[in-house]
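Some notes on the structure that comes next.
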Amino acid sequence: MTTPAPVRLYDSLRKQKVELQPLVPGKVSMYVCGPTPYAAAHIGHAYSACCFDLIRRSLIFLGYDVKYVRNITDVDDKIIKAAAKTGQDPLALSRHFTAEYNVDMARFSVMPPDVEPLVSTHIEPIVKLTEKLIERGKAYAADGDVYYEVKTFPGYGKLSGQAVDELEAGARVDVDERKRAPADFALWKAAKPGEPAWPSPWGAGRPGWHIECSAMTWAHLGETFDLHGGGKDLVFPHHENEIAQSEGAFGDGTFARYWVHNGFLNFEGEKMSRSEGNVFGCGEIAAAVGAEAVRFYFVSHHYRSPIDFEFHVVKNAAGERTAIRFPGLEAADRRLEYFYVTLQRIDAFVAQGGDGGDGPVVPECEALVATAREALADDFNAPVTVAALGEAAKLANKLLDEGKGIAKDVKRRSLARIARDLRAVGKALGVLHQAPAVYLAARRDRLVERRGLDVAEVQRLLAARAAARAAKEWARADEVRGQLAALGVEVLDTPQGTDWRVADSDA
RNA sequence: GGAGCCAUAGCCAAGUGGUAAGGCAGUGGUCUGCAAAACCACCAUUCCCCGGUUCAAAUCCGGGUGGCUCCUCCA
């Protein structure tokens with residue numbers, strides 16, 4: 001068992017890169033704020049999930065044993081509201097969207113969490129924690145509600161940089177006579193008619209928004225654990241309140257040892273919002289460009305940077321939306337095609353003549369895994385890792401094309417090694433997990449569909465061109481090539497025969 | 001009003017003190033019946049602007065300008 005490589009990561013609390021020193025050497029406990037399932041997941045949910053999945057996969061790649069907990073907030077105002085509209089049971093509604101969420105995340109190669117706790121099944125630790133906070137003088141009950149008294153926690157604001165008095169000065173904090181101070185927040189809310197409720201020492205009610213994460217980390221990871229993640233938008237108030245709750249209950253220095261936040265996903269520089277009409281569902285985008293292209297696009301950017309989606313809506317003469325195009329994602333898909341074509345070439349070569357057995361490889365083969373380890377250990381730098389994948393693929397193509405002056409078995413071993421490493425590093429990023437033929441066929445189908453190509457017609461033209469070439473009627477063959485090109489079909493003559501691909505440069 | 005982020009080539013994007021990764025597009029070339037794919041070469045004396053610190057700054061500090069986010073249970 002090798003010792004896991006030391007990892008440096010940017011800690012949002014310390015506001016600098018620090019070395020990750022897990023509580024238990026070699027093991028990392030990780031908690032990520034999951035969704036509140038009240039509607040279908042959009043692509044922003046996927047980005048956040050992918051960022052933390054990248055961190056998880058990177059740690060595994062580097063040799064850590066990771067315990068990954070991602071909660072489901074299945075008791076919440078938004079769920080209750082959505083359920084009321086259709087007369088559904090709120091828990092049934094959230095169960096439905098939770099299942100859908102997990103299907104969507106799986107599309108983007110997000111690994112299922114080791115533990116996926118629900119608020120509805122963690123009422124007991126939530127009540128216990130709330131009682132503890134009352135005992136310790138951090139919280140007070142009022143008319144069946146329980147509030148956290150922010151001024152009892154001196155460290156309040158250390159994560160977000162918010163100052164309590166500034167918050168009070170702001171006009172946007174809830175005003176409620178039952179609260180002692182405007183910044184105090186609810187740990188427990190008294191039941192209202194028609195809402196889900198559980199018994200508690202303060203009467204029937206349900207948990208407030210922030211308490212569940214403090215309770216669930218406690219239940220599954222203990223009073224102190226390693227990484228806590230979430231979207232940047234959760235820094236305040238959610239994570240600030242979690243700290244107040246957990247440290248308030250268990251003492252300073254408990255709770256998350258490192259905080260990690262991912263950047264936001266914007267559309268054309270604008271925040272995603274219903275009113276902008278730029279909220280896209282996971283399925284919609286996956287269908288348009290392929291889910292793996294989305295993941296590849298994600299890992300081509302650093303998780304802490306904001307990421308931008310370009311898109312334009314295609315309309316017909318009547319002004320109706322006929323399609324949505326995502327140029328950046330399509331470019332990512334094109335790049336992904338390069339990797340899969342390269343893998344396919346290597347696979348075919350190795351399948352035909354073997355992998356060369358044990359022995360030396362060309363030295364440049366060593367670079368990919370070495371670079372990936374270094375880059376991922378430095379704040380999970382996926383873009384640099386992607387660049388290393390590119391270098392390795394280039395080397396493979398070079399070996400396949402020529403490989404002169406290299407012993408045959410060295411060449412075979414090197415190529416087999418590159419294919420293996422491409423997949424291993426790809427796994428750390430959540431890409432290159434498909435069989436090349438499967439990916440390439442799906443991509444071609446997608447492009448055929450986008451261009452509205454008649455495949456039978458394409459086949460007919462290809463056959464006509466093949467006949468012309470067999471007769472060495474070059475002018476005729478080129479004429480047919482031109483016809484195919486006009487349709488958007490590129491013809492690829494190879495020693496193994498003629499293949500074709502759909503041009504993606506336009507249309 | 002308070003807190004914070006970002007600004008790198010035509011485009012996307014790494015790099016947070018040591019002399020600008022990578023990709024797309026573009027140009028030339030090898031290969032090819034012609035192409036495509038693949039590969040090779042070229043492609044930012046410079047990192048929004050102005051000052052400062054330093055032997056050394058895209059990186060640190062101060063001041064601008066432009067864009068964005070949080071303080072509204074929005075990932």
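Per chain, numbering begins at 1; letters A, B, ... match sequence-line order.
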Starting at atom [atom1] of [X], determine the distance to atom [atom2] of [N], rounded to an integer number of angstrom.
X	N	atom1	atom2	answer
A/Asn262	B/G4	CG	P	20 Å
A/Tyr303	B/G15	OH	P	10 Å
A/Leu159	B/G2	CG	P	21 Å
A/Glu268	B/C12	CD	P	11 Å
A/Phe339	B/A38	CZ	P	11 Å
A/Met272	B/U69	CE	P	12 Å
A/Phe298	B/A75	CZ	C1'	11 Å
A/Lys394	B/C39	NZ	P	7 Å

Is [X] touching bases, backbone alone, or none of the nucleic acid, heavy atoms closer than 4.0 Å?
X	answer
A/His210	nothing
A/Glu391	sugar-phosphate
A/Tyr338	sugar-phosphate
A/Leu234	sugar-phosphate
A/Lys15	nothing
A/Lys232	nothing
A/Gly44	base
A/Tyr47	nothing
A/Thr36	nothing

Taking the six-membered ring for Trp, are [X] and [Y] closer than 6.0 Å centroid to centroid?
X	Y	value
A/Phe280	A/His42	no
A/Phe267	A/Phe311	yes
A/Tyr147	A/Phe185	no

Side chain of [X], base of [N]: donor and acceptor closer than 3.5 Å?
X	N	value
A/Asp77	B/C73	yes
A/Asp478	B/G33	yes
A/Arg481	B/C34	yes
A/Asp308	B/C12	no

- Message: Expected output is a numbered-order residue list: members of residues 462-472 of chain A with a heavy atom under 4.0 Å from any atom of RNA chain B. What is it?
- Response: A/Arg465, A/Arg469
- Item | Geometric cation-pi criterion A/Arg295 and A/Phe108, 6.0 Å radius, 45° cone | no
- Task: Determine, for A/Trp500 and A/Arg444, whether the Lys NZ or Arg CZ falls below 6.0 Å from the six-membered ring centre while staying within 45 degrees of the axis.
- Result: yes
- Task: First locate atom OG of A/Ser48, then atom CZ of A/Arg70, and finally report the distance between them rounded to the nearest 0.5 Å.
- Result: 9.5 Å
Taking atom [atom1] in both [N] and [M], compute the distance separating them and give it to the nearest angstrom.
N	M	atom1	value
B/C42	B/A75	P	48 Å
B/A57	B/G18	C1'	9 Å
B/U46	B/C34	P	43 Å

Residue [X], side-chain heavy atoms: nucleotide from [options] that is nearest:
X	options	result
A/Lys17	B/U16, B/A75, B/C40	B/U16
A/His302	B/G15, B/C70, B/C39	B/G15
A/Val384	B/G33, B/A38, B/A14	B/A14
A/His301	B/A13, B/A37, B/A38	B/A13
A/Pro383	B/A21, B/G15, B/C39	B/A21
A/Asp493	B/C40, B/A14, B/G33	B/G33

- Task: Answer yes or no: does atom NZ of A/Lys81 have more than 12 heavy-atom neighbours from other residues, nucleotides or ligands under 6.0 Å?
- Result: no
- CD of A/Glu374: more than 12 outside heavy atoms within 6.0 angstrom? no
- Task: Give a yes/no verdict on base stacking between B/A75 and A/Phe264: centres under 5.5 Å, planes within less than 30° of parallel.
- Result: yes
- Message: Checking A/Ser246 now: which residues fulfil side-chain hydrogen bond (donor to acceptor under 3.5 Å, both in side chains) with it, not counting sequence neighbours?
- Response: A/Ser214
- Query: Looking at A/Asp493 and A/Arg465, does any basic side-chain N land under 4.0 Å from a carboxylate oxygen?
  - Reply: yes
- Message: Let's test this: given Watson-Crick or G-U wobble pairing with both distances under 3.5 Å, identify the partner of B/G62.
- Response: B/C50
- Message: Does the structure show a Watson-Crick or G-U wobble partner for B/A3, both distances under 3.5 Å? Name it, or say none.
- Response: B/U69
